[in-house]
Amino acid sequence: MANDRHLNFLKAGAQIWMEWREKYPQVEPDLSGADLQGMDLSRVNFSHASLVQVNLSGSDLSGAIFYRANLREATLRESKFSIANLRCAQLIQADLSDANLIGSDLSEANLKDAAIADANLIGTDLRGANLRGADLGSAKLIRTNLSFANLVAANLTGADLSNASLYEAEVMGAYLYKTDFYKSNLSNAHLSGAYLVRANLSEADLDRADLRWANLKGANLTRANLKSANLRGANLSGANFQEAIMPEL
């Protein structure tokens with residue numbers, strides 16, 4: 001339940017809210033469960049705020065600060081988060097489907113079991129983020145930094161991760177059907193047991209990647225770098241390895 005006083009400060013306008021936050025920096029705002037959909041809250045400071053189950057669907061949150069904010073189970077569908085600071089934010093089971101997160105900072109954010117399908121995450125920083133069990137189906141993750149991220153059992157069906165970095169990412173058991181990894185950096189990534197059927201890994205860097213027992217049936221690995229990759233037990237039937245650099249026997 002939102003604190004009525006805190007909610008009134010926000011609804012009074014961004015300027016009043018910012019002045020109040022600057023005057024009382026020790027206060028952690030409680031806006032839990034508030035209906036804030038469709039509001040213009042761009043560049044507003046929500047750091048350390050409790051936004052549990054808040055409804056911000058369709059809101060403009062461009063450039064807003066959510067550092068260490070708690071957005072657990074929040075509804076954020078079709079919201080604009082471009083260049084927003086969501087570093088270390090709690091977004092467990094949040095609904096970010098169709099949201100615009102271009103250029104936002106989600107490093108070390110907790111997005112476990114979040115719904116992020118069809119979201120635009122082009123150029124987003126997701127280093128060290130927890131995306132375990134998250135639904136990223138058909139999401140745009142072009143040039144996204146997912147180094148050291150946890151994508152265990154995540155769904156990335158049809159997602160576009162071309163030119164993305166997944167260096168040392170944990171992707172075990174992830175569902176990657178028809179996922180596009182064109183020119184992506186997957187070196188040292190942990191992909192054991194991943195479902196990569198018909199995935200596009202052309203020109204991807206998979207050096208020292210762990211692909212044990214992964215399903216690569218029908219995958220495109222044209223000109224991919226698989227030097228020192230572990231392919232033990234992997235299903236490679238129908239995969240295209242034309243001009244690929246293969247592991248030394």
Side-chain angles (χ1 to χ4, degrees), residues 1-14 16-18 20-21 24-102 104-121 124-126 128-139 141 149-156:
M1 189 77 178
N3 182 304
D4 287 339
R5 185 165 177 267
H6 298 173
L7 189 56
N8 288 336
F9 276 122
L10 182 63
K11 289 186 174 180
I16 299 295
W17 173 265
M18 295 299 281
W20 172 66
R21 293 227 61 186
Y24 301 101
Q26 75 282 4
V27 176
E28 295 186 357
D30 186 356
L31 300 166
S32 301
D35 186 357
L36 304 169
Q37 60 180 320
M39 291 183 66
D40 182 359
L41 298 165
S42 54
R43 295 179 295 280
V44 169
N45 182 7
F46 290 107
S47 58
H48 298 278
S50 177
L51 294 152
V52 177
Q53 295 183 336
V54 72
N55 186 353
L56 282 160
S57 57
S59 295
D60 186 354
L61 301 154
S62 305
I65 302 170
F66 290 92
Y67 176 70
R68 292 196 180 277
N70 188 353
L71 290 132
R72 188 183 184 111
E73 298 178 16
T75 302
L76 309 162
R77 294 179 63 90
E78 299 181 356
S79 295
K80 298 174 184 175
F81 282 97
S82 56
I83 324 176
N85 181 355
L86 290 138
R87 187 168 178 265
C88 299
Q90 293 293 319
L91 289 146
I92 299 168
Q93 294 183 332
D95 185 356
L96 285 148
S97 49
D98 294 293
N100 181 353
L101 292 137
I102 292 178
S104 60
D105 184 356
L106 280 152
S107 56
E108 298 181 56
N110 191 347
L111 292 136
K112 185 176 182 291
D113 297 322
I116 321 173
D118 299 299
N120 190 337
L121 294 125
T124 297
D125 187 353
L126 281 156
N130 182 10
L131 290 145
R132 188 184 185 103
D135 181 7
L136 289 140
S138 300
L141 293 142
N150 182 350
L151 288 153
V152 174
N155 173 33
L156 289 121

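The first residue of the sequence shown is numbered 1, and numbering continues consecutively from there.
- The shortest distance between side-chain heavy atoms of Leu91 and Phe66 does not fall below 4.5 Å.
- No hydrogens or angles considered: a donor-acceptor pair under 3.5 Å links the side chains of Asn110 and Gln90.
- Between the side chains of Ser79 and Ser59, not a single donor N or O lies within less than 3.5 Å of an accepting N or O.
- Between Asp95 and Arg77 a salt bridge is recorded (basic side-chain N to carboxylate O distance below 4.0 Å).
- Ala99 approaches Leu76 most closely through the heavy-atom pair CB-O, 3.9 Å.
- Residues Ser97 and Asp118 fail the side-chain proximity criterion, which asks for heavy atoms closer than 4.5 Å.
- Contact record, Ala14 with Val44: CB-CG2, 4.0 Å, taken as the closest heavy-atom pair.
- Separating the CG atom in Leu31 from the NZ atom in Lys11 is a distance of 10.0 Å, to the nearest 0.5 Å.
- Here Asn130 contributes atom CG and Asn150 contributes atom CG; the two are 4.5 Å apart, rounded to the nearest 0.5 Å.
- Of all heavy-atom pairs spanning Leu131 and Ala154, the tightest one is O-CB, 3.7 Å.
- Of all the heavy atoms in Thr124 and Ser104, the pair that sits closest is CG2-O, 3.3 Å.
- Defined by atom type and a distance below 3.5 Å, a donor-acceptor pair is missing between the side-chain atoms of Ser57 and Thr75.
- The nearest pair of heavy atoms linking Glu73 to Gln93 is OE2-OE1, 3.3 Å.
- Atom CG of Leu121 and atom CD1 of Ile102 lie 9.0 Å apart (nearest 0.5 Å).
- Note: Asn3 CG to Leu10 CG = 12.0 Å, rounded to the nearest 0.5 Å.
- Looking only at side-chain heavy atoms (C-beta outward), Phe46 and Leu41 come within less than 4.5 Å of each other.
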Run the side chain to side chain donor-acceptor pair (under 3.5 Å) check on Asn120 and Asn100 step by step: do they pass? CA-CA 5 Å; Asn120 190 337; Asn100 181 353; 4.6 Å; no
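- Here the CZ-CG distance, from Arg87 to Leu106, works out to 11.5 Å after rounding to the nearest 0.5 Å.
- To the nearest 0.5 Å, the span separating CG on Asn85 from CG on Asp105 amounts to 5.0 Å.
- The minimum heavy-atom distance linking Leu101 with Ala119 is given by the pair CD1-CB, 4.4 Å.
- Annotation: side chain of Arg21 is in contact with side chain of Pro29 (closest heavy-atom distance under 4.5 Å).
- Counted within 6.0 Å of CG on Leu7, heavy atoms from surrounding residues, nucleotides or ligands total more than 12; the atom is thus considered enclosed.
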